[in-house]
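What you see is a predicted model; the values in this text were computed from it and never measured.
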Amino acid sequence: MALSWNEIKDRALHFSKEWADTSNEEADSKPFLIEFFEVFGITRKRVSTFEHKVKKLDESNGYIDLLWKGTILIEMKSRGKNLDKAYQQAVDYTYGLKQHELPKYILICDFETFRLYDLEENKTVEFKLNDLVNNVQHFGYILGYQKNVYKEQDPANIQAAELMGKLHDRLKEIGYEGHPLEVYLVRLLFCLFAEDTTIFDKQAFQDYIEQRTNVDGSDLASKLQELFQVLNTPFEKRFKNIDEQLNEFPYVNGKLFEEVLPVASFDTKMRQALLDCCIIDWSKISPAIFGSMFQSVMNPKERRNLGAHYTSETNILKLIKPLFLDELWKEFESIKNNKNKLPEFHKKLSTLKFLDPACGCGNFLVITYRELRLLELEILRNIYKSGQQVIDISDIIWLDVDMMNGIEYEEFPARIAEVAMWLMDHQMNMQISNEFGQYFARLPLKKSAKIINGNALQTDWETVVSKNDLSYILGNPPFIGQQLQNTNQKADILKVFGKSEGSGVLDYVAAWYLISSIFIQNTKIKVAFVSTNSICQGEQAGILWNQLFALYKIKIHFAHQTFNWKNEARGNAAVHCVIVGFANYDNNNKRIFEYENINGIAHEVSVKNINPYLVDGKDFALSSRSKPLNNVPEIKRGNSPYDGGNFLFSEDEKNYFLEQEPNALQFIKKFLGAREFINGINKYCLWLKDAEPQEIKGLPLVLDRVKKVKEFRQNSPGKETQSYASSPTLFRDKNNPDSFIVIPRVSSENRKYIPMGFFDKDYIAGDTCMTIFNGQLFHFGVLNSIMHIAWVKSVCGRLKSDFRYSKDIVYNNFPWPENATDKQIQFIEEKAKKVLDIRTEFPKSSLADLYDSLTMPQALIKAHNELDKAVDLAYRPQPFTSEANRMVYLFELYEKYTANLFTTEKKKKK
């Protein structure tokens, strides 16, 4: 049993007095150091060697006074000797040590002065012998009491996972795989953490391997099997003649070591790989971070992007703070000086229950538990701040891991989640032990987080945790778009949503929203999920949220708008996410966290209500409309060739074709795809809509291309494409109006405006563009305004983070200005023409150049600003102070139009 700090301080006082008056003649470093370690309850046999022989750089022999391999090197000198020289001597000794022997601390001492060097933190502390009692905490490392500061991208996290990966690979190569391998690795993980965090004695696991197993690894598996058995056996039931070193390991319980596994097999390299894992200081690795990294070890493909798959603590806090943590801390601050209310609040905290129904390796649960334990620590500090002594620290710690519940599809991460919870619990117990001067460890393990291995969409959540006990549902369900879902996942969506119209297009994560909404009916349970932003955009928003509002009376309490869910791991792809917090009841403290850009810092805004687009607005989502909301021209998708490339030409291809077939010139038109339009690339197409049959037959090269189009369509796997084989001279669509406005269907989010343009019948718009037939300058002006862009940003779907402009959601639902006057229309047309005129002043620049945020000309910026003001005035005379302000107005106007209070719009002046 480890000593409390009070006991250590008592021993330190006795040690200081005993050695205070020792003369140089009487001073002997060996008994001095033995008694020094006894101050901390560390016996002689746990410390490696006195007078450790080592080769120095000049090949001469040196002798280290004391070396605890991997932990501390101590160099003793007589009183008054130069400690700087002694430190340099100690550093010189380290060159002769093996990698796993290198110390993390160097202590220089002359029996009077102690100088401790922290080699990892590059810090030094110095004190006198009589002041040891006030400095014992600096030696907390050898006991495992050190403060843990976790770094999400600390190389140690990745290094640890990679070393475990090597061990995993080798075990799998020899045929040790599947469930036994997963359990085996989780047990080793526990042991590695345990020896660096006081569950075991410091370095006990490493010493056991080094001292009790052969270098060739031949007996390592059997020795580990013995260890696992001991860890699962109470002291009173162990063999009487058990190995003394084995018997020092504690009884762990928790069923972690209960299952009897097949005996593995090790060789020299595998044994060394395990020892390499022991060298790492596991106390500095967060269980929450390492869990997902460790899981990725199991998949060599994922290991290339090691670190890309865990959820960072920063992002987890974005969810749990507004969900419950901010509220709990606020309540604590209001009663922290009230000794009567503090115990009540403490009791309330201990009764909270959490569920993560897609918990993976337990990241959200682990961080949630840690934050609650930190709050509990503050409660205890305030209760006992008067100096009142705590008789038994176990009586005042009320929070335990059984408040956490999870469901995980795969077995391996589910088991990691259980272990991660125990490890975090122990680390928090160490922090409280340090605070109150008593060692407290929950061994043997009696409680555990309840992590169910199963499909959350087919599991009755009530069997995991009763809704009557549950407080919060949280997590990060899988992001899988409709096109990427496998057969089982599509079946899950069908099972959850039934025959709900349009549910086939929903992201997989949407199923968690619906099941949660059903589960929390008539309760005070709050829910928050990290999700792909697609469920709050475009078509999906209406399909999902209108159902949640109408059938389950869901109210959104807080939301993070789209941000970049990214960890700085190598090869890591960013995901554009939102966080939505909701419940089955309303509240008066709704918050939106806005981002100026997706990589920026969130700014909190208080609002009256939050709609599915995560802006201030009423509880409804846009549904698909086949016709525009107002009396404006219809919009259509461009023309799809369905041609296998046979109708299309680059500039060079067109020139070569006309050299061979000059009479085909009358059937060549300029072709506009979104890429060509934005980047100023010339592309052409064969447009045979008005060609007579005999004309086509008289053009052999044209006829040859028509034949290839027919063959392409006939051989296509798609039935729709096959149906067009009977008309091989034509595009699928045959739209060629006299004039039209073109809008690219996908445009970069980095542009302030979506580039649009006017074209005539000499151009054919491709299917990567939207077209407005016979659109006028007024329509162009409104669509190119910041008012319309705000609407697009809020309601459109996204391709990654780029805008995906749609007909049925974006354009047809857009609320145009109400009763714009002739003067206002004319003003908008003048400013729209000015934008077009300014563009022509830069003939060498493409629209991509002109609308790049870094290179947009000042003249064009000014023209657009003037157009924005003109459009704003057509909506109302008062200025719009923010994008959120615009959206509130537009949604209110949309509601007015759809309530039939305004059904027609004044005819626009051409």
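Side chains of Asp837 and Thr840: no donor on one and acceptor on the other come within 3.5 Å. A side-chain N or O of His560 and one of Tyr595 form a donor-acceptor pair less than 3.5 Å apart. Side-chain contact check for Tyr753 and Ser747: no donor-acceptor pair (N or O, by modelled atom type) lies under 3.5 Å.
Contact annotation: the side chain of Phe759 never approaches that of Ile741 to less than 4.5 Å [non-hydrogen atoms, C-beta and beyond]. The closest side-chain heavy-atom distance from Lys683 to Glu651 is not below 4.5 Å. In this structure, Leu867 and Asn784 have side chains that are in contact, with non-hydrogen atoms separated by less than 4.5 Å. By the 4.5 Å heavy-atom criterion applied to side chains, Gln489 and Ile480 are counted as neighbours. Between Phe780 and Met756 the shortest side-chain heavy-atom distance falls below 4.5 Å. Counting heavy atoms from C-beta outward, Met770 and Tyr811 have side chains that stay 4.5 Å or more apart. Side-chain contact between Tyr875 and Leu890 is present, with heavy atoms from C-beta onward closer than 4.5 Å. Val792 places none of its side-chain heavy atoms less than 4.5 Å from the side chain of Phe814.
Ser727 places no side-chain N or O within 3.5 Å of a backbone atom of Leu730 that could act as its donor or acceptor partner. The closest donor-acceptor contact from the side chain of Gln826 to the backbone of Lys823 lies at 3.5 Å or more, if one exists at all. Judged by distance alone, the side chain of Asp507 and the main-chain N or O of Ala510 form no donor-acceptor pair under 3.5 Å. Within the 3.5 Å criterion, the main-chain N or O of Leu854 finds a donor-acceptor partner in the side chain of Asp852. Of the possible donor and acceptor atoms, none in the side chain of Gln722 sits under 3.5 Å from a partner among the backbone N and O of Asn715. Looking at Glu539, its side chain never comes within 3.5 Å of a backbone N or O of Ser624 through a donor-acceptor pair. Looking at Arg591, its side chain never comes within 3.5 Å of a backbone N or O of Val607 through a donor-acceptor pair.
Ion pairing between Glu866 and Lys869 fails under the 4.0 Å rule for side-chain N and carboxylate O. Under 4.0 Å is where a charged nitrogen must lie from a carboxylate oxygen, and between Asp872 and Arg886 at least one such pair does. Asp619 and Lys555 are joined by a salt bridge, as a carboxylate oxygen and a charged side-chain nitrogen come within less than 4.0 angstrom of each other. For Glu720 and Arg732, the salt-bridge test passes: some basic side-chain N is under 4.0 Å from an acidic carboxylate O.
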*Give the C-alpha distance, both sets of side-chain angles, the deciding distance and a yes or no for side chain to side chain contact (heavy atoms under 4.5 Å, CB included) between Asn735 and Thr771.*
CA-CA 10 Å; Asn735 299 313; Thr771 57; 5.9 Å; no
*Could you go through the side chain to side chain contact (heavy atoms under 4.5 Å, CB included) check for Val578 and Val580 one step at a time?*
CA-CA 6 Å; Val578 294; Val580 185; 4.2 Å; yes
*Stepwise, does the side chain to side chain donor-acceptor pair (under 3.5 Å) test hold for Tyr724 with Ser716?*
CA-CA 10 Å; Tyr724 290 100; Ser716 171; over 6 Å; no
_Verdict with reasoning, Ile772 to Phe740, per side chain to side chain contact (heavy atoms under 4.5 Å, CB included)_ = CA-CA 5 Å; Ile772 302 172; Phe740 59 94; 5.9 Å; no
Report, one line per pair, each donor and acceptor closer than 3.5 Å where one atom sits in a side chain of residues 670-677; sequence neighbours left out.
unit_1	atom_1	unit_2	atom_2	d
Glu676	OE1	Gly673	N	3.2

Below 3.5 Å, can you tabulate the donor-acceptor pairs from side chains in residues 687-702 to any protein atom, sequence neighbours excluded?
unit_1	atom_1	unit_2	atom_2	d
Lys689	NZ	Lys734	O	3.1
Glu695	OE1	Glu692	N	2.8

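Here the options are Arg839, Arg751, Lys752, the test is side chain to side chain donor-acceptor pair (under 3.5 Å), and the partner is Tyr851; only Arg839 passes. The residue from Phe891, Trp791, Trp545 that alone fulfils the ring-ring contact (aromatic ring centres under 6.0 Å, His included) condition with Tyr613 is Phe891.
For an aromatic pair to be called close, the ring centres must be under 6.0 Å apart, and Tyr508 with Phe479 fails this. Aromatic rings of Phe620 and Tyr894 (six-membered ring for Trp) have centroids within the 6.0 Å cut-off, being under it. Taking the centre of each ring, Phe731 and Tyr642 stay at or above the 6.0 Å mark.
Residue-environment remark: NZ (Lys862) stays at or below the threshold of 12 foreign heavy atoms within 6.0 Å.
Ring geometry for Phe558 versus Phe593: interplanar angle over 60°, hence perpendicular rather than tilted (30 to 60°).
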